[in-house]
Amino acid sequence: MEQARKWLDGASRIAALTGAGVSAESGIPTFRGAGGLWRQFRPEDLATPEAFARDPLLVWEWYDWRRRLIAAASPNPGHAALAEIERRAGAFALITQNVDGLHERAGSRCVLKLHGDIWQVRCTGCGAEKRDDRTPLPSLPPRCECGSLLRPGVVWFGEPLPAGIWAQAEQAASGAEVFLVIGTSAAVYPAAGLAWLAKSAGAKVIEINPEETGLSAAADVSLRGKSGDLLPLLI
Ligand code: BJW
Ligand code: ZN
C-alpha cells in the first residue's frame, strides 16, 4: 500500500480500468463468480447478439432487472475515491467496462465507457438512439416509434467497441505513469489488454481485487481486498 501510494502521489498522468467489482459494494452483482448468475444463465448466454435475436424478451428481462438494481443503488467509497484521484491528478482517464453510470454519479468527469451505457437504447431498425431511464420499462421488449425492436446501448460479445472511445483509452493507457486495474476479472478482451499496453509503455500497474486475476502477473503491486475499502486508503 505504501509503495502504491508513493507511485500515485508522484504521478501526473494516471489512468484506471474498472470492472464490475467496483460496483459490487453498491449491491450490483458482478458477472462471474458468486452471485454472477441471473436465473440459470451466464453472461455469455445473454450478452450476445445471437441471444437477443433468439429471445429478445429474455434478454430485456435481464437488463430491466439490472436497471432497477442500478437505479436503486448509490456510488460507494471506491467510486468516490476515483473521483477524488481525478480532481488531484494532472491528467486522468477512467476507463470503465461498467455500464451502470455510477462513476459519473460519484463525480468522475473523464469516463471512457468501453461497453456502452445501460440507460441508452438503440433501434435495431432505424438506428435511432436515446436515453431511457424509466424503471421498470413500461413494456418488454420495448419498441421504437418506427415499430422495430429497441436494444440496450451496450457492447455484446462479438461486437466492436466504440472506436473513438477505444482510441482514447489506448492513448490514456500508453501515456500513463500509473495504471490502476480495479475490480475486473480481466477475462474479457480487448479491455483487459489495456493493462498490458500500459505496462509495456512503462506504467506502474496497481491491481485492486480480492482475488487473483489474469492481470495479476502484469501488476507491480496487487492489493488484495475490496475497492471500497482499499481505494480510500490509497488516496
Ligand atoms: C471485486 C469486488 C470488490 C468482486 N472490490 N473487486 C479469445 C481470446 C481473446 C478474446 C476473445 C476470445 N474469444 C472471443 C474473444 C473476444 C471477446 C472476449 O473477450 N471473450 C472472452 C469471454 C474470451 N470480446 C468481445 O467480443 C469484445 N469485442 C470484440 O472483441 O470485438 C472484436 C470485433 C472487431 C470488429 C468487428 C467485430 C468484433 C466485446 C466484449 C463485450 C463484453 N460485454 C459485456 C456485457 C456489457 C453489457 C452489460 O453490462 O450487460 O461486458 S460481458 C461482461 O464482461 C461485461 C463486463 O464489462 C465484462 C467484464 O467483466 P468484469 O467487469 O471483469 O466483471 P467480472 O464479473 O468478470 O469480474 C468482477 C471482478 O471483481 C472479479 O475479479 C472479482 O474478484 C472482483 N470483485 N468484489 C473489488 N468489492
Ligand atoms: Zn426505429
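Every number for a ligand or one of its atoms is a count from 1 in the order of the listing.
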Heavy-atom nearest option to atom 35 (C) of ligand 1, drawn from Gly33, Ala186, Ser227, Pro160: Pro160

Nitrogen or oxygen atoms of Pro43 and ligand 1 under 3.5 Å apart: no

Under-4.0 Å heavy-atom contact with ligand 1, by part of Val154 that carries it: side chain

Geometry at the Zn ion (ligand 2) - Cys146 SG versus Cys144 SG angle, rounded to 10 degrees: 110°

Shortest protein heavy-atom distance from atom 58 (C) of ligand 1, along with the residue and atom involved: Val188 CG2, 3.8 Å

Closest candidate by heavy atom, reference atom 70 (C) of ligand 1, pool Ala187, Gly183, Ser23, Pro29: Gly183

Protein residue, atom and distance nearest to atom 63 (O) of ligand 1, heavy-atom basis: Thr184 OG1, 2.6 Å

side-chain contact (heavy atoms from CB on, under 4.5 Å) between Arg105 and His79, intermediate numbers included: CA-CA 9 Å; Arg105 282 169 59 191; His79 295 108; over 6 Å; no

Backbone N/O of Gly175 and side chain of Arg13: donor-acceptor pair under 3.5 Å: yes

Gln3, CD atom: more than 12 neighbouring heavy atoms under 6.0 Å: yes

Non-hydrogen side-chain atoms of Glu207 and Leu223 separated by less than 4.5 Å: no

Region of Trp156 engaging ligand 1 - heavy atom pairs below 4.0 Å: backbone

Protein heavy atom at shortest distance from atom 64 (O) of ligand 1: Ala20 CB, 3.5 Å

Heavy atom of the protein closest to atom 77 (N) of ligand 1 (residue, atom name, distance): Gly21 CA, 3.6 Å

Step-by-step side-chain contact (heavy atoms from CB on, under 4.5 Å) determination, Trp119 to Ile70: CA-CA 10 Å; Trp119 302 108; Ile70 294 164; 3.8 Å; yes

Shortest reach to atom 46 (C) of ligand 1 by a heavy atom, considering only Leu161, Ile182, Val155: Val155

Test item: side-chain donor near acceptor, His103 and Ser23, under 3.5 Å: no

Trace of the side-chain contact (heavy atoms from CB on, under 4.5 Å) decision for Arg224 with Ser216: CA-CA 10 Å; Arg224 293 276 165 251; Ser216 300; 3.1 Å; yes

Proximal ligand 1 atoms for Glu25, defined as those under 4.0 Å from one of its heavy atoms: 3 (C), 5 (N), 80 (N)

Ligand-residue contact atoms, ligand 1 with Gly19, heavy atoms, under 4.0 Å: 62 (O)

Geometric N/O contact Tyr63 with ligand 1, under 3.5 angstrom: yes

Part of Val99 with heavy atoms under 4.0 Å of ligand 1, whether side chain, backbone, both or neither: side chain

Protein non-hydrogen atom below 4.0 angstrom of atom 11 (C) of ligand 1 present: no

From the candidates Glu207, Arg66, His115, the one that places a heavy atom nearest atom 49 (O) of ligand 1: Arg66

Shortest heavy-atom approach to atom 39 (C) of ligand 1 - which of Arg32, Glu211, Glu159, Arg42: Glu159

Nearest non-hydrogen protein atom, atom 59 (C) of ligand 1: Gln97 OE1, 3.3 Å

Protein heavy-atom partner closest to atom 75 (O) of ligand 1 - residue, atom, separation in Å: Asn209 OD1, 2.7 Å

Trp166, Phe31, Trp62, Tyr189: member with heavy atom nearest to atom 53 (C) of ligand 1: Phe31

Atoms of ligand 1, numbered as shown, that sit under 4.0 Å from any heavy atom of Ala24: 78 (N)

Top protein contact for atom 22 (C) of ligand 1, by heavy-atom distance: Phe157 CE2, 3.8 Å

Candidate pair Val121 and Leu137, rule side-chain contact (heavy atoms from CB on, under 4.5 Å), full reasoning: CA-CA 11 Å; Val121 293; Leu137 285 163; 5.6 Å; no

Is_contact(atom 7 (C) of ligand 1), protein non-hydrogen, under 4.0 Å: no

Modelled atom types, side-chain donor and acceptor of Thr96 and Thr18, under 3.5 Å: yes

For atom 38 (C) of ligand 1, closest protein heavy-atom neighbour: Gly158 O, 3.3 Å

